[in-house]
Protein chains: 2
Amino acid sequence: MANIQEIARLAGVSTATVSRVINKHGYVSDLTRQKVLGIIEELDYVPNANAISLKKGETRQIGIITISFSPIIINFVRAFTLFAEKNGFIITLFITNGEPEKELIALEMLKRKQLDAIVCLIRSNEWDVIESYARYGPIVIWQRLQNKNLPSVFMEQFHAYWTGLEYLHSKGYRKILSIYPMSKGLNTKERIRAHSEFVKKHNLMAYSFPHFEDKTLVRDGEKLAKWWVSQEVRPDAIFCANDEVAAGLMTALRRLGFSIPGDLGIMGFDNTEVAHLLDITTIDYPIDQQAENAFIILHNKLNNIKNKLNTLTYRLVERRST
Amino acid sequence: MANIQEIARLAGVSTATVSRVINKHGYVSDLTRQKVLGIIEELDYVPNANAISLKKGETRQIGIITISFSPIIINFVRAFTLFAEKNGFIITLFITNGEPEKELIALEMLKRKQLDAIVCLIRSNEWDVIESYARYGPIVIWQRLQNKNLPSVFMEQFHAYWTGLEYLHSKGYRKILSIYPMSKGLNTKERIRAHSEFVKKHNLMAYSFPHFEDKTLVRDGEKLAKWWVSQEVRPDAIFCANDEVAAGLMTALRRLGFSIPGDLGIMGFDNTEVAHLLDITTIDYPIDQQAENAFIILHNKLNNIKNKLNTLTYRLVERRST
DNA sequence: TTGTACGCGTTATCAG
DNA sequence: CTGATAACGCGTACAA
């Protein structure tokens with residue numbers, strides 16, 4: 001396959017000139033530029049990416065690690081990809097299925113200079129393992145974490161959750177059940193804290209329900225519907241871990257003939273598409289801006305600059321499920 | 001960061017020796033090997049992947065292109081990744097969302113030598129565009145296609161589908177409705193052909209239903225349930241485009257109080273996990289072997305060898321939905 | 001405006 | 001068993 005030297009030879013110029021034409025650096029006369037471009041066209045020449053990477057010490061590839069896909073993850077990836085591509089980066093996806101070795105492949109690629117940076121959405125290895133790779137290139141985390149080597153774009157959820165609870169209270173709900181996402185996550189802890197302080201503040205200790213954690217799927221919501229139906233004393237509102245759970249819960253109950261919000265108030269979290277579709281009250285959680293922040297952090301580290309991050313703000317979106 | 005020269009200097013040997021130690025080529029005395037390995041360990045050295053790629057003219061990275069995820073695609077990717085990793089390749093996923101430019105990113109990476117080969121599961125560009133990249137490296141296709149530059153691992157579906165239909169007939173079903181997957185696909189055409197010949201053979205022209213295409217999701221199956229309920233003259237069996245549609249259909253109908261297979265026989269296709277889970281009769285479609293074949297084809301082309309492909313065989317899996 | 005020459009980090013050939 | 005050294009293909013001072 002043709003290389004830069006062949007182009008140079010055929011165009012009757014030096015490789016430096018060809019390089020200048022390709023990269024639009026420095027001065028090249030129009031005549032030689034045309035000449036060179038002609039040959040490039042003719043030979044269908046493209047620069048060898050590996051040579052460039054070796055020379056520049058960067059691949060302009062960023063890896064994104066996740067265990068699997070959920071709507072909010074897809075949104076994050078989509079948004080991040082947009083920003084990255086605008087800046088000439090390519091995204092490589094690593095779906096680990098929870099296997100630590102798969103995650104290590106990405107981490108090793110960072111170490112071996114095949115990746116310039118990594119975004120870790122949902123990890124499979126212990127934090128200290130991931131942290132040990134931070135010296136090889138910037139790694140940004142999505143989950144909440146306090147670690148000076150692993151910046152995180154998490155958004156504090158206590159107040160957002162509190163806002164949701166207060167809203168439900170203002171609508172007259174008193175027997176409120178909270179459904180929590182991943183049990184190991186700090187966000188879950190924050191929500192639990194918000195809920196228990198809320199219960200204390202309004203003196204709602206009397207209404208206690210089982211503790212539901214690790215509920216993040218539509219199916220979880222559907223199962224929840226069965227549970228709700230089977231209860232003697234039912235919650236009058238359920239604040240779901242995310243919009244998917246809320247959607248599963250709502251559709252399952254309606255299918256069984258119950259009325260939402262007549263029989264039960266339902267609230268989601270994240271404001272993903274399904275919440276819009278099914279008219280579910282939810283908390284808008286600015287995932288696009290988190291993705292942009294993730295990119296800005298990496299970009300800053302890569303270029304030793306200090307562009308400002310977006311300040312993230314949640315927002316209650318009132319719809320017709322409450 | 002440390003490079004091979006520094007290791008050589010510190011170990012008091014030449015870079016050639018260090019390279020030999022790393023790659024386990026040729027002869028190195030135990031003593032110097034230990035010495036070199038010690039320094040490598042000490043400096044936490046890893047070879048720079050870009051330099052190796054440049055030198056060897058290969059990256060040992062294979063790209064997989066798909067529009068999005070479905071269970072069967074996930075299975076393919078999982079299986080392919082297994083074979084690839086066993087042979088020292090890394091997989092990069094390109095999820096295009098149907099945008100041709102995203103697909104072009106992968107294709108361009110092949111051209112620029114960042115990818116050694118590509119598997120195209122579901123394309124977004126026209127075939128001739130994809131074909132024009134075949135000169136830069138092996139590309140294997142999943143969908144059915146006749147093209148000498150683009151080998152395909154598709155599996156002929158006419159007989160498999162025919163087998164399914166004959167099975168339904170043997171169980172006494174006469175009013176059989178077929179649901180088809182992607183309308184543009186050749187597989188759909190094959191299935192339509194099988195169905196119409198089947199109808200002719202058994203003289204079932206009297207029972208005709210609307211034509212359903214592009215049904216591949218659980219949701220599609222659920223909608224189908226509504227349609228079925230609303231009909232005056234109902235099919236007595238539905239041969240679904242895949243297991244997901246079958247699953248959606250079955251669960252929705254059971255939820256409405258119908259009995260499967262009492263009121264309706266349901267048959268899936270692919271034999272993915274959900275068919276096992278819900279006990280759905282289906283056609284086992286050996287996706288793992290297709291994935292392995294895809295890898296074998298690429299591997300053969302890359303190394304100019306001729307390993308044999310698996311011969312693919314479908315199989316009817318009788319369960320309790322018919 | 002253009003060319004020369006070196007270095008990026010490896011592997012592999014050839015000589016010792 | 002080990003060491004020089006020439007590629008691999010490109011970008012870029014520095015010189016002209």
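Protein chains get the first letters and strands the later ones, always in sequence-line order, with residue 1 at the start of each.
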- prompt: What orientation do A:Phe89 and A:His299 show, parallel under 30°, tilted 30 to 60°, or perpendicular over 60°?
  reply: perpendicular
- prompt: Can we say A:Lys56 and A:Glu58 salt-bridge, meaning some charged N sits less than 4.0 Å from an Asp/Glu carboxylate O?
  reply: no
message: To the nearest 10°, give me the bend of the helix from C:dT1-D:dA16 to C:dG16-D:dC1, comparing the axes of its five terminal pairs at either end.
response: 40°
- line: Taking every heavy atom of B:Leu107 against every heavy atom of B:Ile139, the minimum-distance pair comes out as CD1-CD1, 4.3 Å
message: Does D:dA4 have its OP1 or OP2 closer than 4.0 Å to a side-chain nitrogen or oxygen of B:Thr15?
response: no
field: D:dC10 OP1/OP2 closer than 4.0 Å to side-chain N/O of A:Ser19
entry: no
message: Of the listed nucleotides (C:dA12, C:dT11, C:dG3), which one gets closest to any side-chain atom of B:Ile52?
response: C:dT11
query: Taking the side chain of A:Ser14 as heavy atoms from C-beta outward, which of C:dT1, D:dC10, C:dG3 is closest to it?
result: C:dG3
- prompt: Hey, is the side chain of B:Asn3 poking within less than 4.0 Å of OP1 or OP2 on C:dG9, counting only N and O atoms?
  reply: yes
query: So which one's nearest nucleotide on DNA chain C is more toward 5', B:Pro47 or A:Gly12?
result: A:Gly12
- request: Consider the side chain of A:Ile4, meaning its heavy atoms from C-beta on, and name the nucleotide among D:dA13, D:dC10, C:dG9 that approaches it most closely.
  value: D:dC10
task: Return yes if the base of C:dG3 and the side-chain atoms of A:Arg20 contain a donor-acceptor N/O pair under 3.5 Å, otherwise no.
output: yes
query: Out of B:Asn97, B:Thr96, B:Asn125, which one pairs with B:Glu103 under the side chain to side chain donor-acceptor pair (under 3.5 Å) rule?
result: B:Asn125
